[in-house]
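Contents: one structure, followed by commentary.
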Protein chains: 2
Amino acid sequence: MDEIPARNGEAAPQKGTVTQRAIEQIKAMIGEGRLEPGQRLPTERDLAARLGISRSSMREAIRALTVMGVLEARHGSGIYVTQLEAGDLLETFGVVADLSRGPRLVELLEVRRILESTATALAAARITPDQLAEVEKHLTAMNATDDPEEILAHDLAFHREIAAAAGNDTMAAILEGLSSRTFRARVWRGYQEEGAFARTRREHAAIHRALVAHDPEAARAAAAAHVGEVEQWLRAQLDAPPL
Amino acid sequence: MDEIPARNGEAAPQKGTVTQRAIEQIKAMIGEGRLEPGQRLPTERDLAARLGISRSSMREAIRALTVMGVLEARHGSGIYVTQLEAGDLLETFGVVADLSRGPRLVELLEVRRILESTATALAAARITPDQLAEVEKHLTAMNATDDPEEILAHDLAFHREIAAAAGNDTMAAILEGLSSRTFRARVWRGYQEEGAFARTRREHAAIHRALVAHDPEAARAAAAAHVGEVEQWLRAQLDAPPL
DNA sequence: CGACCGTAGTGGTCCGACCAACCTGCTGGT
DNA sequence: ACCAGCAGGTTGGTCGGACCACTACGGTCG
């Protein structure tokens, strides 16, 4: 059964909750360019008065947009529109990785394998000497220590530099979310216990060689294999133990 | 100079804002499995009392988690943990597409090309007769009308069915965000004005043929070309006109 | 001229009240 | 015995105002 369409209204204020409406309105203002990136908004009190709602509701709307990475509130200073760059808008993406379990972890790694391999291929073609030096820095640092914490940190940085060299900020931001610290810490805890350190180092070395040679196909293959290893291990883990 | 440590305190959780702390705590509860998907939480008033904060602050925390797709508030009933599926957690992903402009639109299409081509390849290998029938439904419906709105709707559904058939919910959810209605409406407005209807139909037909033949490589190529066409058109648009 | 400090302005937190939607259970008729 | 319909209680949604914590600006003093 269809709902009664009813309202043809103009102002038609009666939709959703008040807070939801405020969210949409501010989002629309930014979408229409009435609010530029970095610009400061009126005070909470002003905004609330303008949209005819209470400050509490306005604060919830602001909180929502803050979580989305659209706004940024600075205590004592004011509310500002973010730069609206990929990194800002995709900051929340990490919670997916944090809260996922079981089969979905494999799905995440599958997506990461696809994007990471492509990003590494792009990086092989475009990477500059400076960027390559940065990659090498983390590669050697990772091989020089036995502290799992430090290894993990350099591992993350290694892939982050490569993603940055690929030249697609959006892709880099998504990969960042797919590799959130807590996510990798959880998966790698078990993975590394099986003496996967050596293999990881070998794979990183292969990726590095492909970057130096500016060989996209080799880079794609090496990155895909690297992520694929973890993916397969995790897949096996899910089949075997009930946990 | 170090701060005076002072507190040897017990609870002493003096970090970040009160609301931020509440967000982390609830997220942690879910992460640790103390809150199951679908489960109902205590009332706002209870939660606030338990964490020793005001209801206002607790509401902001709940609002934040609602935006992240972790919680769901039902008026008059209570607050519930969502199913924590990819679709829930990635709902906000669409705002990236909505608020992006200029070069970032190209980046988004590049990511979509990579994922969509892979998803279509996977679908070619796995799609069932039922799913294929659904895809065909939208294909024929899209060819049977001239209403841009309807074409767009069936176009979205066409790709959505294919993504679903690929069997990776996470990938499907990301693609959903990359193809948000407002995003495509904006880009396609100009694209279709150049008589791209015929080309779009041809490309969709090619994708469909590959699915029927269960030919992953052909499917990958067809999908990549399909998205790539729009990508190249958009790239040209950005170079030429100042707008 | 520069470091210091006070003050106005702004976001952050709290409280208490009331409104609106939902759910339960009782009521009353069939 | 069954079910429609109506209260009442529970719970999220909104409101207004008060106060706290931090920042930024400008004047003051050394």
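Naming convention: chains lettered A, B, ... in sequence-line order (proteins, then strands); numbering from 1 in each chain.
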#### Entry: side chain to side chain donor-acceptor pair (under 3.5 Å) against Ser100(A), all qualifying residues, sequence neighbours excluded
Arg104(A)

### Query
Taking only residues two or more places apart in sequence or in another chain, which ones pass ring pair (Phe, Tyr, Trp, His ring centres under 6.0 Å) with Phe158(B)?
His204(B)

## Note on the structure
If each end axis of the helix from dC1(C)-dG30(D) to dT30(C)-dA1(D) is fitted on five C1' pair positions, the angle between them, to 10 degrees, is 10°

### Task
State whether Thr17(B) places a side-chain N or O below 4.0 Å from either non-bridging phosphate oxygen (OP1 or OP2) of dT13(C).
yes

### Message
Among residues at least two apart in sequence or on other chains, which ones pass side-chain contact (heavy atoms from CB on, under 4.5 Å) with Thr140(B)?
### Response
none

### Query
In whole angstrom, what separates Leu71(B)'s CG from dG13(D)'s P?
11 Å

### Task
Identify, with sequence neighbours excluded, every residue that meets side chain to side chain donor-acceptor pair (under 3.5 Å) alongside Arg126(A).
none

### Message
As a test of reading the structure: which of dG13(D), dT13(C), dG11(C) is closest to the side chain of Ala73(A), going by heavy atoms?
### Response
dG11(C)

Heteroatom pairs (N/O) under 3.5 angstrom, protein to nucleotides 6-8 of chain C:
none

#### Entry: Residues that Thr66(A) engages under side-chain contact (heavy atoms from CB on, under 4.5 Å), provided they are two or more places apart
Ile62(A), Leu71(A)

### Message
My understanding is that only residues two or more places apart in sequence, or in another chain, count here; which of them pass salt bridge (charged side-chain N to carboxylate O under 4.0 Å, His left out) with Glu134(A)?
### Response
Lys137(A)

### Task
Return the set of residues passing side-chain contact (heavy atoms from CB on, under 4.5 Å) with Pro103(B) (not counting sequence neighbours), or none when no residue passes.
none

### Task
Take the protein atom OH of Tyr80(A) and the nucleotide atom P of dG9(C), then report the distance between them rounded to whole Å.
15 Å

### Message
Just the rounded figure in Å: distance from P of dG13(D) to CD of Glu72(B).
### Response
11 Å

### Message
Is it true that Glu116(A) and His159(A) share a donor-acceptor pair across their side chains at a distance under 3.5 Å?
### Response
yes

### Query
Tell me, which of residues 44-62 of chain B have any heavy atom that sits under 4.0 Å from an atom in DNA chain D?
Glu44(B), Arg45(B), Arg55(B), Arg59(B)

Quick one: which protein N/O atoms are closer than 3.5 Å to N/O atoms of nucleotides 21-24 of chain D? Pair and distance per line, please.
{"unit_1": "dA21(D)", "atom_1": "N3", "unit_2": "His75(A)", "atom_2": "NE2", "d": "3.0"}

#### Entry: Residues Glu60(B), Ser57(B); criterion side-chain hydrogen bond (donor to acceptor under 3.5 Å, both in side chains); working and verdict
CA-CA 5 Å; Glu60(B) 279 193 43; Ser57(B) 300; over 6 Å; no

### Ile79(B) CD1 - dA21(C) P separation (whole Å)
18 Å

### Query
Please, which pairs that meet ring pair (Phe, Tyr, Trp, His ring centres under 6.0 Å) have at least one residue in residues 58-96 of chain B, sequence neighbours excluded?
Phe93(A)-Phe93(B)

### Message
Within this structure, what is the CG-CD1 distance for the pair Leu41(A) and Ile30(A), rounded to the nearest 0.5 Å?
### Response
7.0 Å

### Message
Quick check for you: among dC15(D), dT13(C), dG11(C), whose closest atom lies nearest to any side-chain atom of Thr43(A)?
### Response
dG11(C)

### Interatomic spacing from CD in Gln20(B) to CZ in Arg63(A) - rounded to 0.5 Å
6.0 Å

### Query
Just how far is it from atom CZ of Arg50(B) to atom CE of Met58(B), taken to the nearest 0.5 Å?
9.5 Å

